[in-house]
Amino acid sequence: MLEVRNLRSVYGRIEVLKGIDLDVQTGEIVALVGSNGAGKTTLLRALSGVQPITSGEIRFKGQRIDRLPPHKRVELGMTQSPEGRQVFGPLTVEDNLRLGAYRRRDKAIDQDRDRIFTMFPVLAEKRHLLAGGLSGGQQQMLAIGRALMGRPKLLLLDEPSLGLSPLLVDQILDAIVSLKKDGITVLLVEQNASAALAIADRGYVLETGKVAHCGAGSALLADPKIKAAYLGIA
Amino acid sequence: MAEFLQFLISGLTVGAVYALVALGFTLIYNASGVVNFAQGEFVMLGGMVTVFVSAAGVPLPLAAVIAIGVAVAIGLLLHRFAIEPARGASAVTLIIITIGASILLRGLAAIVFDKQFHKLPAFTGDTPVDVLGAAVQPQSFWVLGGTAVVVLALYVFLEHTITGKAVLATAANRLAARLVGINTTTIMALAFGGSAAIGAIAGILVTPITLTSYDVGTLLALKGFAAAMLGGMGNPLGAVVGGLLLGLLEAFGAGYISSTYKDAFAFVVILIVLFAAPQGLFGRRVVERV
Ligand SMILES: Nc1ncnc2c1ncn2[C@@H]1O[C@H](COP(=O)(O)OP(=O)(O)O)[C@@H](O)[C@H]1O
Ligand SMILES: [Mg+2]
């Protein structure tokens with residue numbers, strides 16, 4: 001589904017991605033973990049085309065996409081729920097979801113919106129309210145719902161559990177697992193590494209712009225070195 | 001009473017023109033964060049192109065359509081060759097670019113057309129209509145009606161079409177807009193083209209009343225900017241209300257105080273808004289909870 005080779009990216013003169021190699025197979029949940037500032041967000045932005053890269057290759061469904069503008073990547077079936085939610089505050093919940101389907105021309109948009117409402121019933125209640133007035137958890141659901149409205153083959157999620165109560169975190173993680181059953185491939189970025197690795201098929205650990213470890217989610221969870229460094233468990 | 005009504009209607013008429021200029025500012029500001037000081041030149045182009053094309057024997061309605069087309073083309077060129085290459089530059093840089101474009105367009109107009117004042121015939125004659133004792137030029141109704149149509153069309157576009165919502169989404173959060181697949185470059189081009197059309201329409205409607213020349217844009221841009229600031233930069237409703245208020249302020253100020261200082265009111269408004277209420281009357285259309 002996704003192949004990343006030797007991807008590099010800079011902010012000014014500081015190299016933030018120092019040659020990333022990463023693969024996501026169709027149908028997988030892949031977790032991308034690592035401490036704050038490791039470059040996870042930058043990597044997802046580069047994948048979506050909103051962060052310039054200096055070298056490297058990105059292939060999606062076998063096709064080179066690293067020179068395509070962001071909207072073409074959305075059209076091909078890669079959407080993202082960005083870090084910090086980034087909902088369209090002055091627009092309604094319904095409009096936010098409709099804009100998630102901006103590049104679609106098919107007739108099933110309303111039907112998909114109703115499925116999002118089934119998945120997150122609180123959004124249905126607030127469908128006519130402005131997104132900027134929702135709570136953090138509700139905005140997070142909206143951001144995920146908006147990304148799903150693009151009918152992705154590959155969904156990129158950047159810290160979907162950030163700042164949420166444990167109950168809401170569980171609800172979001174359940175939702176991600178159910179996406180897998182619907183045939184959506186997920187690349188999940190999380191600081192909450194143990195939760196992410198627990199639901200992931202495979203995981204990558206990013207360390208200052210490089211892949212430090214990768215392997216099955218359960219294997220990474222069990223690795224004592226990783227436990228000590230990233231999971232806060234001695 | 002008749003005198004009051006006279007001031008009221010003439011205030012609303014100029015106010016409508018300021019409102020259209022302010023709407024042009026708002027549209028571009030929302031889509032791109034740029035304050036486009038060449039906005040007044042679109043108004044000038046609307047009037048001047050209509051004058052010269054109709055003088056060449058083309059019927060007035062067709063000349064007006066051509067003028068709108070010319071303004072839109074120039075708006076798109078301005079975006080493509082002056083704004084787009086400077087993507088990512090600071091707000092000050094972009095403002096200076098638009099000021100430069102405004103000077104360039106004025107210079108070109110002086111060469112291509114001339115430096116004289118020009119008039120268009122009123123669309124439906126010059127016989128004043130009596131409104132409760134006030135003598136009103138029929139062209140005033142064209143200005144007010146035309147403005148109402150433009151405002152309504154823009155409202156329907158922004159609130160009820162998916163492309164319009166994409167403009168609002170781009171204004172609210174450019175990064176998120178790109179991530180859902182909105183081509184924000186196209187949205188910006190659309191805003192420049194749309195603003196140019198709105199400006200040109202204002203120029204065509206008002207030229208039979210105020211005359212036009214190559215340099216009418218400068219003062220109009222400042223008035224429109226004052227109106228947009230008064231209403232709250234970035235807020236379309238604020239732009240319209242700000243424009244009408246500024247027009248009324250000028251008309252009543254000129255009528256009851258002194259017409260010598262008519263143009264000063266706009267600057268006083270800018271200063272008061274900047275000092276007392278930088279958000280304007282309505283503020284930006286932002287509801288954000290962090
Ligand atoms: N807009 C920016 N300008 C400059 N440096 C940035 C910017 N965004 C992030 N960085 C830096 O890039 C590095 C990686 O950041 P990021 O990708 O956000 O990490 P993560 O998502 O893993 O926390 C950090 O050192 C951060 O300080
Ligand atoms: Mg991050």
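Lettering of chains follows the sequences in order, A, B, ..., and the numbering in each one begins at 1.
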Report which part of A/R73 has an atom under 4.5 Å of a heavy atom belonging to chain B: side chain, backbone, both, or neither.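 For A/R73, no heavy atom lies under 4.5 Å from chain B.
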A/H71 and B/I182: side chain to side chain contact (heavy atoms under 4.5 Å, CB included), yes or no, with the steps? CA-CA 6 Å; A/H71 63 271; B/I182 294 169; over 6 Å; no
Contact leader toward chain B among A/R45, A/M149, A/R103, where contacts are heavy-atom pairs under 4.5 Å: A/R103
Please find the pair of heavy atoms, one from B/A176 and one from A/Q86, that lie closest to each other, and give the distance.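 Closest heavy-atom pair between B/A176 and A/Q86: CB-O, 3.2 Å.
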Which atom names give the shortest non-hydrogen contact between B/G181 and A/Y102, and what distance separates them? O-CD2, 3.6 Å
I'd like to know whether [atom1] of [X] has more than 12 heavy-atom contacts from other residues, nucleotides or ligands below 6.0 angstrom.
| X | atom1 | value |
| --- | --- | --- |
| B/Y155 | OH | no |
| A/R127 | CZ | yes |
| A/K72 | NZ | no |
| A/R115 | CZ | no |

As an exercise, state the distance from CD1 of B/I162 to CZ of A/R104, rounded to the nearest 0.5 Å.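 With rounding to 0.5 Å, CD1 (B/I162) is 11.5 Å from CZ (A/R104).
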Measure the shortest side-chain to side-chain distance between A/V50 and B/L179 over non-hydrogen atoms and say whether it is less than 4.5 angstrom.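 A side-chain contact exists here, since the closest heavy-atom pair is under 4.5 Å.
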State, with a plain yes or no, whether a side-chain heavy atom of A/F88 is found less than 4.5 Å away from one of B/L168. no
Which is it for B/V180 and A/N96 under the side chain to side chain contact (heavy atoms under 4.5 Å, CB included) test, yes or no, and what are the steps along the way? CA-CA 10 Å; B/V180 297; A/N96 269 266; over 6 Å; no
